[in-house]
There are 2 protein chains.
Amino acid sequence: MNMVPSTQGKEASTTRECYLKLRQLILAGDLPPGKKLKIEELRALLKTGASPVREALSLLTSDMLVERIDQRGFRAAPVSKANFQEILTLRCSLEDMALRASIANGDTAWEERVVLSHHRMSRTERNNTELFEEVHKMFHMALLSNADMPMLLRYCDQLYDLNIRYRYLAADGPRYGERSVAAEHEEIFDATLRRDADAASELLISHYRRTGEYFISQMEG
Amino acid sequence: MNMVPSTQGKEASTTRECYLKLRQLILAGDLPPGKKLKIEELRALLKTGASPVREALSLLTSDMLVERIDQRGFRAAPVSKANFQEILTLRCSLEDMALRASIANGDTAWEERVVLSHHRMSRTERNNTELFEEVHKMFHMALLSNADMPMLLRYCDQLYDLNIRYRYLAADGPRYGERSVAAEHEEIFDATLRRDADAASELLISHYRRTGEYFISQMEG
DNA sequence: ATGTCAAATAATATCGATATTTTGGAGTTG
DNA sequence: CAACTCCAAAATATCGATATTATTTGACAT
């Protein structure tokens with residue numbers, strides 16, 4: 001009888017919705033690092049049952065955004081200088097691998113994805129944090145998307161999100177040096193389209209390191 | 001009043017038990033790749049409720065041993081030549097990083113862990129597959145254990161298990177070339193204790209590649 | 001025969017309630 | 001006054017049942 005599709009298009013499961021919402025809350029710092037995540041609270045917040053919440057938290061555990069202690073519940077993953085450092089190191093190594101593989105497999109469809117995502121990013125205002133972070137991630141993942149290594153891409157995606165979380169947390173503090181981020185993106189973009197893997201990778205990694213070292217200097221200064 | 005502890009020692013949660021059992025079943029190939037994993041069946045097999053089973057399957061999803069399709073249940077992760085290849089590539093890269101970091105941080109306690117696990121492995125018969133795989137993994141993880149990079153170690157651990165699964169599956173086929181596996185372990189061991197990172201890493205990686213390429217040649221031959 | 005549709009069947013996802021375990025505090029003792 | 005035990009409150013983990021959603025079956029029309 002229900003001829004008008006209630007939510008038109010994709011009917012996600014309750015669990016997935018919980019997962020996405022909780023993920024966003026943690027990434028944006030609304031559920032701060034180390035905070036105890038009580039089922040009952042979240043159940044009330046998301047207006048749903050306990051099962052989907054539990055399962056969503058389970059999934060977030062594998063993204064390393066939530067810690068679980070057997071019989072003692074869940075809590076938002078803590079942050080630390082060492083953890084940030086490790087994320088940075090792993091990203092440099094894994095994205096280097098992925099970008100090289102992506103370029104090596106380079107085809108037209110991929111090139112178009114890169115161009116499109118780059119264009120969208122350039123057209124998005126940086127003030128609109130939420131939206132900018134989204135297109136920014138799209139651009140970076142598009143660069144890697146042709147690597148033909150699904151597990152590697154999954155790791156890169158995870159690490160990207162873990163890193164973004166630190167960015168959100170730091171955003172409360174002093175505005176981070178506007179630097180020449182846009183110019184750096186431009187250089188990476190150009191080198192990639194030139195299929196110059198060495199240059200592209202070098203630029204990408206130093207892009208990360210520069211941002212990373214700035215944060216590290218702030219974290220316990 | 002219960003003065004005699006029922007299971008003496010560690011009381012794990014039902015979920016964890018399910019997780020460990022299912023994991024072993026999948027690794028050993030008792031739940032073959034691609035097989036539909038129906039909650040009801042597993043519930044009966046493990047003699048427990050549906051909730052722990054669901055949660056355990058959720059956890060296995062993050063280990064990439066189980067695939068989940070929203071609203072359509074779980075299935076054991078499929079296998080493929082490409083997937084094996086990717087696992088091999090990632091292991092070579094990540095274990096290289098971990099081993100170098102581990103050696104760089106090298107201290108006495110770590111050295112003793114390595115020596116101990118090596119000794120245990122050398123004292124274990126290869127025929128006792130189950131047990132040998134356990135001590136073998138212990139040895140390899142001990143080598144990396146001093147890297148002081150928890151996320152990296154987690155990735156290595158995951159990838160190790162994914163690889164072992166292919167070994168179990170291939171074990172049904174022709175016995176894999178006894179080769180000089182023991183000798184190779186010896187060389188890796190020696191180079192590591194010498195703190196010769198370049199040599200140790202080189203030996204470790206070629207150890208993996210050799211085994212890997214042997215399997216690949218068999219997979220679709 | 002073959003393809004389509006609807007009812008029946010089976011499996012998953014979710015809920016509400018119960019059982020277990022942990023946590024916090026009051027009261028007692030050395 | 002510190003440390004320890006025991007009890008009450010709270011939170012987690014698990015169960016059994018129901019509601020949703022996918023899949024199969026079989027009748028019917030082409």
Side-chain angles (χ1 to χ4, degrees), chain A residues 1-23 25-26 31-32 34-62 65-78, chain B residues 1-23 25-26 31-32 34-62 65-78:
Chain A
M1 264 298 158
N2 185 8
M3 305 195 49
V4 180
S6 54
T7 59
Q8 165 238 24
K10 55 192 304 186
E11 270 289 0
S13 69
T14 310
T15 296
R16 180 148 295 272
E17 279 182 32
C18 288
Y19 170 76
L20 293 173
K21 281 180 190 162
L22 287 175
R23 174 200 181 86
L25 287 171
I26 293 172
L31 294 173
K35 163 145 186 165
K36 184 92 212 297
L37 302 175
K38 295 179 196 162
I39 305 287
E40 176 56 27
E41 276 182 24
L42 300 179
R43 197 204 57 68
L45 178 65
L46 301 177
K47 296 190 183 73
T48 181
S51 310
V53 172
R54 278 189 72 78
E55 219 173 305
L57 289 172
S58 248
L59 293 174
L60 287 165
T61 295
S62 45
L65 286 169
V66 165
E67 263 193 357
R68 175 180 199 166
I69 312 162
D70 232 37
Q71 228 86 18
R72 215 161 298 183
F74 301 87
R75 62 182 53 232
Chain B
M1 264 303 155
N2 183 10
M3 307 197 49
V4 180
S6 53
T7 58
Q8 165 237 23
K10 58 194 301 187
E11 272 289 0
S13 69
T14 311
T15 296
R16 180 148 294 274
E17 279 182 31
C18 286
Y19 170 75
L20 292 173
K21 280 179 190 162
L22 287 175
R23 174 199 181 86
L25 288 172
I26 292 172
L31 294 173
K35 164 144 185 165
K36 184 90 212 299
L37 302 175
K38 295 179 197 161
I39 306 285
E40 176 57 26
E41 276 181 24
L42 299 178
R43 197 204 56 69
L45 178 66
L46 300 176
K47 296 191 183 71
T48 180
S51 311
V53 172
R54 278 190 71 79
E55 220 172 307
L57 289 173
S58 250
L59 294 173
L60 287 165
T61 295
S62 46
L65 286 169
V66 166
E67 263 192 357
R68 173 178 200 171
I69 313 164
D70 230 38
Q71 229 84 17
R72 213 162 299 183
F74 302 87
R75 62 182 54 233

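Lettering of chains follows the sequences in order, A, B, ..., and the numbering in each one begins at 1. Computed from a prediction, not measured in an experiment: that's the story for all the values here.
Rounding to whole angstrom units, CD of residue A:Glu40 and C1' of C:dC15 are separated by 13 Å. Going from atom CD of A:Glu55 over to atom P of D:dT14 covers 14 Å, rounded to whole Å. Atom CG in A:Leu59 sits about 13 Å away from atom C1' in C:dA13, given to the nearest Å. Nucleotide D:dT21 holds its C1' atom 11 Å from the CG atom of B:Asp70, rounded to whole Å. The separation between B:Lys35 atom NZ and C:dA11 atom C1' is 15 Å, rounded to whole Å. In this structure, A:Arg16 places its CZ atom 16 Å from C1' of C:dT14, rounding to the nearest Å. A:Arg75 has its CZ atom 15 Å from the P atom of C:dT22, to the nearest Å. In this structure, the CG atom of A:Leu42 is 17 Å from the C1' atom of C:dT14, given to the nearest Å.
In this structure, OG1 on A:Thr15 lies 7.5 Å from CG on A:Leu59, to the nearest 0.5 angstrom. Between the CD atom in A:Glu41 and the CG atom in A:Leu31 there is a gap of 9.0 Å [rounded to 0.5 Å]. To the nearest 0.5 Å, atoms NZ (A:Lys21) and OG1 (A:Thr48) are separated by 8.5 Å.
Residue A:Thr14 places no side-chain N or O under 4.0 Å from the OP1 or OP2 atom of C:dA13. Of the side-chain N and O atoms in A:Thr15, one or more sit less than 4.0 angstrom from OP1 or OP2 of C:dT14. Within the 4.0 Å cut-off from OP1 or OP2 of D:dT12, not a single side-chain nitrogen or oxygen of A:Arg72 is found. Of the side-chain N and O atoms in A:Lys36, none sit less than 4.0 angstrom from OP1 or OP2 of C:dT23. At the phosphate of C:dA13, OP1 or OP2 sits under 4.0 Å from a side-chain N or O atom of B:Arg54. The phosphate of D:dT14 has neither OP1 nor OP2 within less than 4.0 Å of any side-chain N or O from B:Thr48.
Considering only the side chain of B:Pro52, D:dC15 comes nearest among D:dC15, D:dT12, C:dA13. Nearest to the side-chain atoms of A:Phe74 among the listed nucleotides C:dA11, D:dA13, C:dA13 stands D:dA13. Here D:dT21 is the nucleotide among D:dT12, D:dT21, C:dT14 with the atom lying nearest to any side-chain atom of B:Gln71.
Comment: B:Glu55 does not engage B:Arg16 in a salt bridge, judged by the lack of any side-chain N to carboxylate O separation of less than 4.0 angstrom.
Mapping B:Ile39 and B:Ser51 onto DNA chain C by nearest heavy atom places B:Ile39 at the nucleotide closer to the 5' end. Nearest-nucleotide positions on DNA chain C place B:Glu41 closer to the 5' end than the other of B:Glu41 and B:Ala50.
Residue contacts shown for B:Leu37 are limited to sugar-phosphate atoms, with no base heavy atom under 4.0 Å away.
Residue A:Lys36 comes nearest to A:Phe74 through the heavy atom pair CE-O, 3.7 Å, listed as atom of the first residue, atom of the second, then distance.
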